[in-house]
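The sequence lines fix the lettering, A, B, ..., with proteins before strands; numbering per chain opens at 1.
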Protein chains: 2
Amino acid sequence: MARTFGSSGEVTAARVRAAALELFANQGYAAVSMRAIGAKTGIQASALYNHFPTKQAILVDLLETHMLGLLAAWEAESQKFHTPIEALDGFVRFHISYHLDRQDAVFISYMELRNLEPEGFVRIEKLRKYYEGFLRKIISLGKANGDFLVDDEPVATMAIIAMLTGINTWFRNNGRLTSSEVEEIYVKMAFGSLECQYEQRNAVAKARAIA
Amino acid sequence: MARTFGSSGEVTAARVRAAALELFANQGYAAVSMRAIGAKTGIQASALYNHFPTKQAILVDLLETHMLGLLAAWEAESQKFHTPIEALDGFVRFHISYHLDRQDAVFISYMELRNLEPEGFVRIEKLRKYYEGFLRKIISLGKANGDFLVDDEPVATMAIIAMLTGINTWFRNNGRLTSSEVEEIYVKMAFGSLECQYEQRNAVAKARAIA
DNA sequence: ATTGTAAAAGAACGAATGTTCATTTATAAA
DNA sequence: TTTATAAATGAACATTCGTTCTTTTACAAT
């Protein structure tokens, strides 16, 4: 056989991405063979090379697509917020909901960095730092105007991101909690970790309820 | 050549563990070959089988040793504390210092679970749950007596452990902060995330200063 | 209708994988 | 001093790996 009825480059490439994403997330990049990706896509391993030059290129594509999507989504969402307290509230909710909707992509983004060859690594790492910079800036502004009482902004940034991203290790759809219940809990914990007072937070909650 | 001058089973096995630990942490279980482990140990790959029956057995040995060591160390350390506030303070400091001293082991313990075959996985997972149970109990007791204001104890447990374990992704010896400076910051953030009031925490700090 | 190209199959490549085996030598016990 | 065993080597095993190549067929444009 050869070219298959109804086959289209873009469609197949998307199916390859989806297949690779799920396999990498479940078994790890190194443990997944091109034959396995091909099988899940429904084509032979050799046909993968019509869409991606190497296995490594598939991984880089997945990570880069994920990070660029994340950055774009937050840049849009962040327009809504005008104070550090609003922004932190929004960031926590955004991070949780965005990441819970993309558990596989998040997983490989944090786990497969070491499987990237140098060029890919620096590209992805730069995007990650950029994202962390958003939260750091929120914390810095909040510290400057007295909303947050925090000793070390870079550390607080990493602590909160780790706390949030860790949700992916235990959260299950149709589990005990819904995504928005989880958001509620983590918003409270994030503000607490920055020693932000009750009254200020309640003002945000009130504004949210009115809007 | 054959048996090497001065070779001893226990000594070699320990060197194999050390070599595998470093390689697994840096490259991932699947990406490390038995030949690479052998080379780093200073023996041939085939000689590894005098000490471990399979590659998988090396991984299980490393994970199990790490978790059992962690549990034993906390069970000893925890004897020192008699209130939830003392215990949380102690747990945070213990977790950070223990994990920062064993970065490679921690890394593979959280990253290579998916590379475990089922029998090994349940063994290790049980030990992890057991460790998480210690923190959960501290939080539950603190909630019961009013020290901590927390909505969901299991979630708070996972959030704090994720926050603490995430330190390993960015902390570097001889970096900007010392291990004990990091402890200080995270103790404060952990208490904050549980809405524990200043006065109570300061009592602990005072007691610590006196002792 | 013809033609150029895109997308697939399937065989094949050399290299690397985890593991086994026969063999050799050091060590410890009798 | 002899003997059993522990610890190593090095060759070899069948598989699997990522990738390349040739060939076949579907599709789009002329």
Using whole Å, what does the distance between atom P of nucleotide dT19(C) and atom CG of Leu48(B) come to?
10 Å

If we ignore hydrogens and angles and just use 3.5 Å, is the side chain of Gln27(A) paired with the main-chain N or O of Leu23(A) as donor and acceptor?
no

Less than 3.5 Å between a donor and an acceptor, one on the side chain of Asn50(B) and one on the base of dA6(D), is that the case here?
no

Is any side-chain heavy atom of Arg15(A) closer than 4.5 Å to one of Lys40(A)?
no

Taking side chain to side chain contact (heavy atoms under 4.5 Å, CB included) as the test, write out the residues that go with Thr178(A), two or more places apart.
Ser180(A), Glu181(A)

Taking the inter-plane angle between the rings of Phe94(B) and Phe91(B) on a 0 to 90° scale, is it parallel (under 30°), tilted (30 to 60°) or perpendicular (over 60°)?
tilted

Contact list please: residues 54-63 of chain A against DNA chain D, heavy atoms, distance less than 4.0 Å, in numerical order.
Thr54(A), Lys55(A)

Report yes if the side chains of Leu88(B) and Phe148(B) come closer than 4.5 Å at any heavy-atom pair, otherwise no.
yes

Residues two or more places apart in sequence or in another chain: which of them pass salt bridge (charged side-chain N to carboxylate O under 4.0 Å, His left out) with Arg114(A)?
Glu112(B)

Listing time: all N or O pairs from protein to nucleotides 20-22 of chain C that are below 3.5 Å?
none

Does His51(B) put a side-chain nitrogen or oxygen below 4.0 Å from OP1 or OP2 of dA6(D)?
no

Should the ring pair Trp74(A) and Phe81(A) be called parallel, tilted or perpendicular, given that the plane angle runs from 0 to 90° and is split at 30 and 60?
parallel

If the condition is side chain to side chain contact (heavy atoms under 4.5 Å, CB included), which residues does Ala39(B) pass it with, not counting sequence neighbours?
none

Can you tabulate the close N/O pairs, meaning under 3.5 Å, that link protein atoms to atoms of nucleotides 12-14 of chain C?
{"unit_1": "dA12(C)", "atom_1": "N6", "unit_2": "Arg35(A)", "atom_2": "NH2", "d": "3.4"}

Answer yes or no: does a side-chain N or O of Gln44(B) lie under 4.0 Å from OP1 or OP2 of dG10(D)?
yes

